[in-house]
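Scroll down for the structure; my scribbles are underneath it.
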Amino acid sequence: MIARRRVGRSRRGSLLAETAMSAVMLIIAMSLIARVVGWTAADRRNLDRRQWTVQEAANLMERLSARPFESLTTEAVKDTALSPEAARTLADAKLEVEVADHDPTGGDDSKRITIGIRWRTRSGNWDAPVRLTSWVYRRKGGSR
């Protein structure tokens with residue numbers, strides 16, 4: 001058999017083209033990874049704010065439900081405010097507290113306390129509010 005010589009183009013410089021293409025693909029992958037990390041960090045901050053808000057609402061509910069039954073009215077709780085830490089953490093936070101007397105759901109000797117907290121996101125839009133509702137009952141033979 002006679003050895004045939006390859007006829008065709010030489011492969012000179014092909015390593016340079018492959019290296020350049022690999023560098024481009026690496027840059028694209030790194031930019032995508034940077035975006036995903038940014039989105040993940042933003043979602044984590046939003047989750048932290050929501051957890052902070054849930055804890056703040058639970059703390060407020062605990063303080064309000066510890067009040068005597070007769071003194072628990074919407075007028076009496078209108079001065080309730082968020083803690084300074086929550087006010088700093090949640091941008092432009094709004095607190096809404098409502099006390100419903102003689103709530104039909106809980107019966108005649110009950111009051112329904114509703115706490116709602118909402119805040120603005122970094123883009124300036126309102127985030128989905130956190131709402132917490134509880135019923136307080138009058139104690140038998142006493143006040144609360």
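Computed over heavy atoms, backbone and side chain alike; hydrogens, waters and symmetry mates excluded. The first residue in the sequence is number 1, and the count goes up from there.
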| query | Per the side chain to side chain contact (heavy atoms under 4.5 Å, CB included) rule, which among D92, N125, D127, L90 passes with R120? | reply | D92
| message | So, taking the atom named OG1 in T89 and the one named CD in Q51, what distance separates them when rounded to the nearest 0.5 Å? | response | 12.5 Å
| If you count the non-hydrogen atoms of other residues, nucleotides and ligands that lie under 6.0 Å from CZ in R131, is the total more than 12? | no
| Nearest-0.5 Å distance that lies between atom CD1 in I33 and atom CE in M30 | 8.0 Å
| Can you get from L132 to W126 by hopping between Ile, Leu, Val, Met, Phe, Trp and Tyr side chains that sit under 4.5 Å apart? | no
| Does a sphere of radius 6.0 Å around CD in E62 hold more than 12 heavy atoms from other residues, nucleotides or ligands, not counting ones at 6.0 Å or beyond? | no
| N/O donor-acceptor pair under 3.5 Å between E56 side chain and S83 backbone | yes
| request: Decide side-chain contact (heavy atoms from CB on, under 4.5 Å) for T114 and T133; before the verdict, give the C-alpha distance in whole Å, the side-chain angles of both, and the deciding distance to 0.1 Å. | output: CA-CA 4 Å; T114 305; T133 302; 3.8 Å; yes
| query | If you group Ile, Leu, Val, Met, Phe, Trp and Tyr by side-chain heavy-atom gaps below 4.5 Å, do L32 and V24 land in one group? | reply | yes
| Roughly how far, to the nearest 0.5 Å, is CZ of R63 from CG of N59? | 7.0 Å
| Just by modelled atom types, is the T121 backbone N or O under 3.5 Å from a matching donor or acceptor in the R49 side chain? | no
| Below 4.0 angstrom, N of the basic side chain to O of the carboxylate: do E70 and R138 qualify? | yes
| query | Got a donor-acceptor contact below 3.5 angstrom from the R67 side chain to the A76 backbone? | reply | yes
| said: To the nearest 0.5 Å, what is the distance between CG on L95 and CZ on R118? | reply: 11.5 Å
| note | CD1 of I113 to CG of L64, rounded to nearest 0.5 Å, is 5.5 Å
| Taking all atoms of both residues into account, what is the closest heavy-atom pair of W135 and S110, and its distance? | CD1-OG, 4.3 Å
| Smallest separation among heavy atoms of V77 and T80, with atom names | O-OG1, 2.8 Å
| task | Of all the heavy-atom pairs spanning L72 and K111, show the shortest one and how long it is. | result | O-NZ, 2.8 Å
| request: For the pair T74 (side chain) and E98 (backbone), establish whether a donor and an acceptor sit closer than 3.5 Å, ignoring hydrogens and angles. | output: no
| request: Can you see which heavy atom on T19 is nearest to which on L15, and at what distance? | output: OG1-O, 2.7 Å
| remark: CG of D48 to CG of D43, rounded to nearest 0.5 Å, is 11.0 Å
| request: Determine, stepwise, if the pair L82 / L60 fulfils side-chain contact (heavy atoms from CB on, under 4.5 Å). | output: CA-CA 8 Å; L82 294 172; L60 287 171; 4.1 Å; yes
| task | Taking all heavy atoms of A57 and all of V130, pick out the closest pair and write down the distance. | result | CB-CG1, 4.4 Å
